[in-house]
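Worksheet for the structure shown next.
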Amino acid sequence: MSRVFLSGSIRGGRRLVETYRLMADVMLSAGVEVLSEHVARETVFDDERGMSEQEIFMRDVGGIQQCDCLVAEVSVHSIGVGYEICYAVGLEKPVLCVYERDSNISAMVLGNKGVVVQSYTDPDELRQIVQGFVGSVESGGHVSKKVENTG
């Protein structure tokens with residue numbers, strides 16, 4: 001079973017929490033262990049209330065160290081998500097960054113040859129992208145970089 005670290009904005013804004021839940025559900029349905037399922041919970045702030053900043057950092061860094069790949073939703077700008085992507089790339093983990101088409105995405109994501117970047121227009125397209133990436137990582141296949149910058 002593959003282990004995936006799901007990265008999505010928490011303190012940068014929770015506008016896409018339902019999208020994060022969809023992504024987690026897609027991976028769980030595929031039999032993948034989602035090491036950071038807390039990202040997709042409406043209750044994440046309550047869940048983290050008793051944790052120090054360092055405990056949150058150590059939990060997330062530990063999850064990235066243990067994962068087989070990282071899947072990030074990058075439509076909402078977030079320093080934490082950017083940090084997690086960079087950390088995973090530094091560990092040579094496969095990284096997928098997805099974003100809502102027409103979002104203003106950082107050149108630091110779009111220009112990074114160490115990540116796969118794909119835009120989506122609806123939940124079905126997002127589901128296919130996530131399933132394809134996770135399936136490729138599980139099978140040990142090569143994942144090519146696809147960038148669609150329409151912004």
Side-chain angles (χ1 to χ4, degrees), residues 1-101 103 105-106 108-110 112-120 122-141 143 145-147:
M1 174 192 319
S2 288
R3 295 167 299 181
V4 178
F5 190 92
L6 174 62
S7 182
S9 176
I10 295 177
R11 294 184 183 179
R14 300 294 289 160
R15 174 176 72 82
L16 294 178
V17 69
E18 289 189 28
T19 300
Y20 308 151
R21 181 78 254 153
L22 169 74
M23 295 169 68
D25 288 346
V26 165
M27 291 184 271
L28 291 167
S29 295
V32 171
E33 181 181 358
V34 180
L35 298 176
S36 54
E37 200 174 345
H38 63 276
V39 170
R41 288 192 201 117
E42 293 272 353
T43 59
V44 67
F45 292 113
D46 293 332
D47 298 345
E48 292 181 346
R49 182 165 285 126
M51 298 176 72
S52 70
E53 304 293 335
Q54 186 169 17
E55 288 170 327
I56 293 168
F57 173 83
M58 295 304 293
R59 175 200 61 201
D60 292 352
V61 166
I64 296 168
Q65 290 170 348
Q66 294 174 28
C67 75
D68 297 306
C69 66
L70 181 138
V71 175
E73 207 309 336
V74 296
S75 300
V76 176
H77 295 200
S78 167
I79 292 170
V81 172
Y83 186 96
E84 290 167 352
I85 292 166
C86 186
Y87 191 72
V89 167
L91 294 174
E92 299 182 358
K93 307 278 183 169
V95 174
L96 169 67
C97 295
V98 294
Y99 65 95
E100 297 171 312
R101 188 164 285 133
S103 295
I105 304 305
S106 171
M108 295 301 288
V109 171
L110 294 174
N112 188 331
K113 294 181 181 184
V115 301
V116 176
V117 182
Q118 290 191 258
S119 66
Y120 63 92
D122 59 56
D124 289 331
E125 188 176 13
L126 177 59
R127 184 177 290 108
Q128 291 174 358
I129 292 167
V130 171
Q131 286 173 335
F133 180 81
V134 172
S136 179
V137 169
E138 278 204 296
S139 69
V143 180
K145 182 177 180 182
K146 178 180 179 185
V147 177

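Numbering starts at 1 and runs along the sequence shown. Since this is a predicted model, take the numbers as computed values, not measurements.
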Please give me the minimum heavy-atom distance between [X] and [Y], naming the atom from each residue.
X      : Y      : value
Phe133 : Val116 : CE1-CG2, 4.1 Å
Leu35  : Gly63  : CD1-O, 3.4 Å
Gly13  : Val76  : O-CG1, 3.9 Å
Pro94  : Val137 : CB-CG2, 4.0 Å
Leu6   : Tyr20  : CD2-O, 3.6 Å

Does the side chain of [X] reach to within under 4.5 Å of the side chain of [Y], using non-hydrogen atoms?
X     : Y     : answer
Phe45 : Arg11 : yes
Glu33 : Gln66 : no
Val39 : Met23 : no
Ile56 : His38 : no

Between [atom1] on residue [X] and [atom2] on residue [Y], distance to nearest 0.5 Å:
X      : Y      : atom1 : atom2 : answer
Arg101 : Tyr120 : CZ    : OH    : 11.0 Å
Asp47  : Glu42  : CG    : CD    : 11.0 Å
Arg127 : Leu22  : CZ    : CG    : 5.0 Å
Ile105 : Cys97  : CD1   : SG    : 9.0 Å
Ser106 : Asn112 : OG    : CG    : 10.0 Å

task: Please check if the side chain of Thr43 supplies one atom and the backbone of Asp46 the other of a donor-acceptor pair under 3.5 Å.
output: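 No, Thr43 side chain to Asp46 backbone: no donor-acceptor pair under 3.5 Å.
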
message: Looking at Ser136 and Gly132, would you say the former's side chain and the latter's main chain have a donor-acceptor pair under 3.5 Å?
response: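 A pair under 3.5 Å: no.
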
message: I'd like to know whether Glu73 forms a side-chain contact (heavy atoms from CB on, under 4.5 Å) with Glu100, so could you lay out the CA-CA distance, the side-chain angles of the two residues, the decisive distance to 0.1 Å, and finally the verdict.
response: CA-CA 9 Å; Glu73 207 309 336; Glu100 297 171 312; 4.2 Å; yes

message: Whether Arg3 and Glu138 form a salt bridge (side-chain N of Lys/Arg under 4.0 Å from carboxylate O of Asp/Glu) is what I want to check.
response: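 Salt bridge absent between Glu138 and Arg3.
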
- prompt: Run the side-chain contact (heavy atoms from CB on, under 4.5 Å) check on Val4 and Cys69 step by step: do they pass?
  reply: CA-CA 5 Å; Val4 178; Cys69 66; 3.6 Å; yes

task: Report the C-alpha separation of Met27 and Ser2 in whole Å, then their side-chain angles, then the decisive distance to 0.1 Å, and conclude whether the side-chain contact (heavy atoms from CB on, under 4.5 Å) test is met.
output: CA-CA 10 Å; Met27 291 184 271; Ser2 288; over 6 Å; no

field: Neighbour count above 12 (heavy atom, 6.0 Å) for Glu55 CD
entry: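 Buried by this count: over 12 neighbours within 6.0 Å.
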
field: Atom CE of Met51 with >12 non-hydrogen neighbours under 6.0 angstrom
entry: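 Counting other residues, nucleotides and ligands, CE of Met51 exceeds 12 neighbours.
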
field: Contacts of Asp122 that satisfy side-chain hydrogen bond (donor to acceptor under 3.5 Å, both in side chains) - sequence neighbours left out
entry: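 Partners of Asp122 under the side-chain hydrogen bond (donor to acceptor under 3.5 Å, both in side chains) test: none.
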
Return a table of donor-acceptor pairs under 3.5 angstrom between the side chains of residues 79-91 and protein atoms on other chains or two or more places apart.
unit_1, atom_1, unit_2, atom_2, d
Glu84, OE1, Ser7, OG, 2.5
Tyr87, OH, Gln65, NE2, 2.7

